[in-house]
Structure formats: structure tokens, C-alpha cells
**Q** 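Shown below is the structure under consideration.
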Amino acid sequence: MRKDGEVRLYNIFLPIWLLLFWPSPLWLAVIPVNYLIDRVVLRWSLGDMPDKGLFCRKHTWKICLAGFAGDFAGAALLFAVYMAGADNSGPELFEDLAYGVGFNPFSHPLAFLCVAAAVAAAGVLIYFIDRAILKGAGLTPEQAKGSALRLALITAPYLYFFPSTVLYGGSLSVV
């Protein structure tokens with residue numbers, strides 16, 4: 001039973017990549033920045049196409065949503081790995097992997113590979129969705145492939161590599 005006036009505070013540390021999917025005021029910055037980056041990369045990737053400004057105005061929002069879908073899929077992979085090792089009931093390797101995936105991908109080689117795989121999976125998903133969007137928007141298959149490839153490579157969620165321990169005041173250890 002709690003005594004009167006007693007307040008308990010609990011710390012919750014979340015991986016930085018998970019915070020992007022948590023409803024917060026951070027979205028007020030993340031969404032416009034992602035849209036702007038997608039718009040710039042799409043415009044650049046279209047080369048000397050006539051009316052590319054109009055094309056970008058009509059289709060960037062779809063590209064932006066595809067980017068969020070890819071980012072979410074990559075984060076879901078990382079979350080699954082993180083949760084599998086976070087219960088502390090398995091081998092120490094699972095705990096090290098969960099810590100690395102969640103807070104410092106540079107702390108364990110396997111954690112780094114898992115994060116790299118999640119970034120790659122998100123990039124591949126972004127590529128296929130963007131290619132389908134661009135082909136449906138009227139680009140030739142070659143144009144759609146080139147633009148989608150540039151979008152996927154440049155806008156993949158490299159933030160997953162950011163060590164959250166830096167934000168929480170922990171030490172940054174690299175293997």
C-alpha cells in the first residue's frame with residue numbers, strides 16, 4: 001500500500017528508432033522533414049523530365065507514405081529482435097543482442113548486422129513500393145526503377161544505427 005504523499009518515478013528507456021513511431025510532438029518535425037527529403041530526392045532523380053515540378057507535387061506524398069511503411073517494417077524487425085532478448089531468460093548472447101539492437105548497435109557485431117539487415121529490408125521495401133508508385137504515375141519502367149533505387153538508397157532509415165545510449169547519458173562502447 002502506498003503512503004500518502006509518496007511518489008514513485010520509473011525510468012523508461014526506449015530505443016531512439018522506436019520513438020519515431022510513438023505519437024508525439026516529434027511527428028510535427030519528422031513528417032515535414034521526411035516529405036521535404038523525399039521531394040528533393042524525387043525531383044533530382046527525375047533528371048531533365050519536363051514538368052517534374054508538377055509530377056513531384058502530385059506524387060511525393062505517396063512516396064513519403066511508402067517511406068514510412070518501409071521504416072515501420074524495419075522497426076518491426078528490430079522490435080521483434082529486441083523483445084526476443086529483452087526478457088533475460090535466454091543465453092547472454094540474446095541479452096547482448098537485445099541491448100545492441102535497442103541502444104547501441106556498435107556494442108556487438110551481431111547487433112550491428114541485425115540493424116544493418118533491418119535498414120536493408122526497409123530500403124528494399126521502399127524500393128519496391130516506390131517503383132510501383134512511379135510506374136503507376138506514368139514513368140517508364142527504367143525511369144521508375146532508377147528513381148526508386150535512388151529514393152531507397154538515400155531515404156533508408158539509417159537512424160536505426162544511432163546509439164540511444166548517447167541520449168540517456170550512458171557510455172558509448174564500440175566493439
Side-chain angles (χ1 to χ4, degrees), residues 6-42 44-45 60-131 147-175:
E6 181 181 328
V7 176
R8 290 183 185 215
L9 297 175
Y10 296 96
N11 287 331
I12 182 166
F13 295 112
L14 296 172
I16 189 71
W17 45 263
L18 191 59
L19 292 176
L20 293 176
F21 299 103
W22 200 275
S24 72
L26 181 62
W27 284 4
L28 296 175
V30 169
I31 292 171
V33 167
N34 271 333
Y35 179 86
L36 183 63
I37 292 169
D38 288 338
R39 178 109 179 225
V40 168
V41 174
L42 178 61
W44 168 71
S45 71
T60 302
W61 69 272
K62 298 174 202 172
I63 299 295
C64 189
L65 289 176
F68 278 115
D71 293 354
F72 185 74
L77 291 172
L78 290 178
F79 187 71
V81 171
Y82 177 70
M83 293 308 292
D87 66 359
N88 297 329
S89 65
E92 188 176 335
L93 174 66
F94 289 161
E95 292 176 35
D96 292 344
L97 184 60
Y99 171 78
V101 164
F103 301 104
N104 184 4
F106 303 104
S107 66
H108 196 278
L110 193 55
F112 182 84
L113 291 174
C114 283
V115 172
V119 171
V124 167
L125 187 59
I126 290 168
Y127 168 77
F128 283 116
I129 296 172
D130 286 352
R131 189 179 71 176
S147 289
L149 184 60
R150 288 181 180 102
L151 282 159
L153 289 173
I154 293 171
T155 65
Y158 300 109
L159 180 66
Y160 296 166
F161 285 110
F162 183 80
S164 299
T165 55
V166 171
L167 297 177
Y168 300 133
S171 63
L172 181 61
S173 61
V174 178
V175 176

**Q** What distance do F94 atom CZ and L110 atom CG have between them, rounded to the nearest 0.5 Å?
**A**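 With rounding to 0.5 Å, CZ (F94) is 9.5 Å from CG (L110).
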**Q** Could you go through residues 29-38 and list every donor-acceptor pair under 3.5 Å that involves a side-chain atom there, pairing it with any protein atom two or more places apart or in another chain?
**A**
unit_1 : atom_1 : unit_2 : atom_2 : d
Y35    : OH     : R39    : NH1    : 3.3

**Q** Testing the basics here: between L125 and G70, what is the closest heavy-atom pair and its distance to 0.1 Å?
**A**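 Scanning both residues, the minimum pair turns out to be CD2-CA, 3.8 Å.
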**Q** Under 3.5 Å, is there a donor-acceptor pair between the side chain of Y158 and the main chain of V119?
**A**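 Looks like no, no N/O pair under 3.5 Å.
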**Q** Which value, rounded to the nearest 0.5 Å, describes the distance between T155 atom OG1 and I126 atom CD1?
**A**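 Rounded to the nearest 0.5 Å, the OG1-CD1 separation comes to 4.5 Å.
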**Q** Which pair of heavy atoms, one from V101 and one from A111, lies closest together, and at what distance?
**A**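 Of all heavy-atom pairs spanning V101 and A111, the closest is N-CB, 3.8 Å.
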**Q** Using modelled atom types only, decide if a donor and an acceptor are shared between the side chain of Y82 and the backbone of F103 within a distance under 3.5 Å.
**A**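 Pair absent, no side-chain N/O of Y82 close to backbone of F103.
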**Q** What heavy-atom pair brings G74 and A118 nearest, and what distance separates the two atoms?
**A**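 Shortest heavy-atom contact: O-CB, 3.6 Å.
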**Q** For Y127, give me all partners under ring pair (Phe, Tyr, Trp, His ring centres under 6.0 Å), at least two apart in sequence or on another chain.
**A**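 For Y127 there are no ring pair (Phe, Tyr, Trp, His ring centres under 6.0 Å) partners, ignoring immediate neighbours.
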**Q** Can you tell me how far apart CG (L149) and CZ (R131) are? Round to the nearest 0.5 Å.
**A**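 If I round to the nearest 0.5 Å, the distance is 10.5 Å.
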**Q** Looking only at non-hydrogen atoms, find the nearest pair between D96 and H108 and report the distance.
**A**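 Shortest heavy-atom contact: CB-CD2, 3.9 Å.
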**Q** Which heavy-atom pair separates A152 from G123 by the least distance, and what is that distance?
**A**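 Reported closest heavy-atom pair: CB-O, 3.3 Å.
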**Q** With side chains defined as the heavy atoms from C-beta onward, is the minimum distance between P105 and Y160 less than 4.5 Å?
**A**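 A side-chain contact is absent here, since even the closest heavy-atom pair is not under 4.5 Å.
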**Q** Which value, rounded to the nearest 0.5 Å, describes the distance between F162 atom CZ and S164 atom OG?
**A**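 Reported value, rounded in 0.5 Å steps: 7.0 Å.
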**Q** From S147 OG over to D130 CG, what is the distance, rounded to the nearest 0.5 angstrom?
**A**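 So the OG of S147 and the CG of D130 are separated by 9.0 Å.
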